[in-house]
Amino acid sequence: RIADELTVAGTNNVRFDALVGELQADKKWTLPELSLIANHFLGSAAKFTNKPAVFKAIRQRQKQDAIQAGRDRRGEKIAV
């Protein structure tokens with residue numbers, strides 16, 4: 001569910017940051033649980049050794065998605 005929420009938040013930085021902040025603040029999440037969330041969001045099977053690595057990977061993916069969305073928008077503006 002949380003990975004889906006991250007995906008839906010997409011390039012909405014405020015919502016995305018709030019979701020990641022909630023995950024980080026809630027200490028009940030174990031590394032294996034966070035890894036599952038991250039791998040679902042990332043679409044990968046990465047192995048994480050610590051929680052900061054999980055959050056770094058999630059944020060990097062969101063940043064890449066935002067960059068790509070910006071490129072796509074610029075491409076749509078070009079008249080062919």
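None of the values given here were measured: they were computed from a predicted structure.
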**Q** Is it true that the side chains of Q62 and D17 contain a donor and an acceptor less than 3.5 Å apart?
**A**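 There is no such pair (donor and acceptor under 3.5 Å, judged by atom type) between the side chains of Q62 and D17.
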
**Q** Do L36 and H40 have side chains that approach each other closer than 4.5 Å (heavy atoms only, starting at C-beta)?
**A** no

**Q** Out of curiosity, D65 CG to R61 CZ, how far, rounded to the nearest 0.5 Å?
**A** 4.5 Å

**Q** In the hydrophobic clustering that connects Ile, Leu, Val, Met, Phe, Trp and Tyr at side-chain heavy-atom distances below 4.5 Å, which members other than V14 occupy its cluster, ordered by chain and number?
**A** none

**Q** Give me the other members of the hydrophobic cluster that L23 sits in, counting Ile, Leu, Val, Met, Phe, Trp and Tyr linked by side-chain heavy atoms under 4.5 Å, directly or via other members.
**A**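 Traced through the cluster, L23 reaches I2, L6, F16, L19, V20, W29, L31, L34, I37, F41, L42, F48, V54, F55, I58.
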
**Q** Is there a donor-acceptor pair under 3.5 Å between the side chain of N39 and the backbone N or O of S35?
**A** yes

**Q** Of the non-hydrogen atoms in K27 and K51, which two are nearest, and what is the gap between them?
**A** O-NZ, 4.1 Å

**Q** Apply the test side-chain contact (heavy atoms from CB on, under 4.5 Å) to residues R59 and K56: give CA-CA distance (whole Å), side-chain angles for both, the deciding distance (0.1 Å), then the verdict.
**A** CA-CA 5 Å; R59 289 187 184 279; K56 182 177 179 182; over 6 Å; no

**Q** The criterion is side-chain contact (heavy atoms from CB on, under 4.5 Å); which residues satisfy it with T49, sequence neighbours excluded?
**A**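 Scan of T49 (side-chain contact (heavy atoms from CB on, under 4.5 Å), adjacent residues dropped) gives none.
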
**Q** Can you tell whether the side chains of E33 and K28 come within less than 4.0 Å, N to carboxylate O?
**A** no

